[in-house]
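Here is the structure we will look at, set down as structure tokens.
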Amino acid sequence: MTNQNDLHETDLDCFDIIESCELLTGVMLESQNPVEYRAACKCLNICLASLEIAFTRQLSAVRIAELTCDKPVEIINTHFHQQSEMLRQYCQALAGVLLNTPLPEQTNITLTGLLFELTDYMAEDLRAPRFARGQQLH
């Protein structure tokens, strides 16, 4: 099983980690097995903690190219991790509640759906174009 230190010491960037978060929240949403659900939630907590560190790392040239478009970007935000960090904190708090607090089944289902939606929103926001060709990066 992956632990938090393993993820902190890899070359995974925030895009790799958010992809894992999306997969894990999908597993949680679809799971009918409490053991599988709990394992996915534990892994999600590890990924979300690792995401905090990944947000502080410089983007690679490949990732910058993926986030660059030909048209001027309406709001160019090269410090996108600020909003994403807030969303990450929301997701981690919610995952912590789901992992550590006994909840009525319907509440658990609803909060898992919310966690899925927040993770998906964070992933979409991260993948949105941030740079315009020819723009100087600071």
Side-chain angles (χ1 to χ4, degrees):
M1 179 172 209
T2 300
N3 68 44
Q4 195 166 350
N5 290 333
D6 292 341
L7 282 175
H8 289 198
E9 296 172 7
T10 68
D11 289 333
L12 298 178
D13 65 12
C14 59
F15 297 92
D16 298 320
I17 297 170
I18 195 65
E19 187 175 313
S20 294
C21 292
E22 287 179 297
L23 293 170
L24 290 163
T25 56
V27 167
M28 290 172 63
L29 193 61
E30 298 296 324
S31 180
Q32 300 296 315
N33 180 323
V35 174
E36 177 185 66
Y37 179 93
R38 189 162 173 75
C41 194
K42 282 182 180 180
C43 288
L44 178 63
N45 269 314
I46 292 168
C47 286
L48 290 167
S50 297
L51 196 55
E52 179 179 16
I53 293 167
F55 284 155
T56 65
R57 294 185 189 133
Q58 288 286 83
L59 291 176
S60 69
V62 171
R63 292 299 188 192
I64 290 174
E66 290 173 0
L67 299 171
T68 301
C69 63
D70 291 324
K71 299 177 187 177
V73 178
E74 190 172 309
I75 298 175
I76 297 177
N77 181 5
T78 59
H79 302 289
F80 64 90
H81 68 275
Q82 291 169 349
Q83 177 177 339
S84 297
E85 174 55 18
M86 181 181 67
L87 289 169
R88 186 205 63 78
Q89 289 174 13
Y90 292 160
C91 290
Q92 190 157 30
L94 191 50
V97 167
L98 290 168
L99 185 62
N100 299 312
T101 308
L103 299 168
E105 183 179 354
Q106 189 54 50
T107 302
N108 196 36
I109 291 168
T110 301
L111 291 179
T112 301
L114 176 60
L115 180 58
F116 178 84
E117 294 296 329
L118 283 172
T119 303
D120 186 56
Y121 178 76
M122 181 172 40
E124 285 183 27
D125 184 56
L126 281 173
R127 293 180 187 123
R130 307 231 170 248
F131 311 104
R133 285 203 206 297
Q135 171 195 5
Q136 292 286 24
L137 298 179
H138 305 292

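Bear in mind that the values here come from a model prediction, so they are computed numbers and not experimental data. Only heavy atoms go into these numbers, but all of them, side chains included; no hydrogens, no water, no symmetry mates.
- The CG atom of Asp16 sits 11.0 Å away from atom SG of Cys21, with the distance rounded to the nearest 0.5 Å.
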Show the numbers, then the answer: is there a side chain to side chain contact (heavy atoms under 4.5 Å, CB included) between Leu99 and Leu44? CA-CA 10 Å; Leu99 185 62; Leu44 178 63; over 6 Å; no

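- For Cys69 against Pro129, the heavy-atom pair with the smallest separation is SG-CB, 4.0 Å.
- Inter-residue side-chain proximity for Val62 and Phe15 is flagged as unmet; no heavy-atom pair is nearer than 4.5 Å.
- Atom OG1 of Thr119 sits about 9.0 Å away from atom CG of Leu114, to the nearest 0.5 Å.
- In this structure, Val27 and Ala40 approach most closely via the heavy-atom pair CG1-CB, 3.8 Å.
- With contacts defined as side-chain heavy-atom distances shorter than 4.5 Å, the pair Leu24/Cys47 qualifies.
- The shortest side-chain heavy-atom distance between Glu19 and Arg127 falls under the 4.5 Å cut-off.
- Note that the CG atom of Asp120 and the CD atom of Glu22 stand 5.5 Å from one another [nearest 0.5 Å].
- In the hydrophobic clustering of this structure, Val97 groups with Leu115; members are Ile, Leu, Val, Met, Phe, Trp, Tyr whose side-chain heavy atoms approach within less than 4.5 Å, directly or through other members.
- Residues Cys14 and Ala54 share a closest heavy-atom pair of N-CB, 3.7 Å.
- Between Met122 and Cys91, the shortest heavy-atom contact is CE-SG, 4.0 Å.
- With values rounded to the nearest 0.5 angstrom, Asp125 atom CG is found 12.0 Å from Leu118 atom CG.
- Following chains of ILVMFWY side-chain contacts shorter than 4.5 Å, one cannot reach Tyr121 starting from Leu29, and the two form parts of different hydrophobic clusters.
- Leu51 has its side chain within reach of Ile18: a pair of non-hydrogen atoms, C-beta onward, lies under 4.5 Å apart.
- Shortest non-hydrogen contact noted between Leu111 and Leu94 is O-CD2, 3.7 Å.
- Leu48 has its side chain out of reach of Glu52: every pair of non-hydrogen atoms, C-beta onward, lies at least 4.5 Å apart.
- Considering every non-hydrogen atom in both Leu126 and Leu67, the closest pair reads O-CD2, 3.4 Å.
- Clustering ILVMFWY residues whenever any of their side-chain heavy atoms sit less than 4.5 angstrom apart, transitively, puts Phe55 in the very cluster that holds Leu12.
- One distance of note links SG of Cys43 with CE of Met28; it measures 10.5 Å at 0.5 Å rounding.
- Annotation: the span from Thr68 atom OG1 to Arg63 atom CZ amounts to 12.5 Å, rounded to 0.5 Å.
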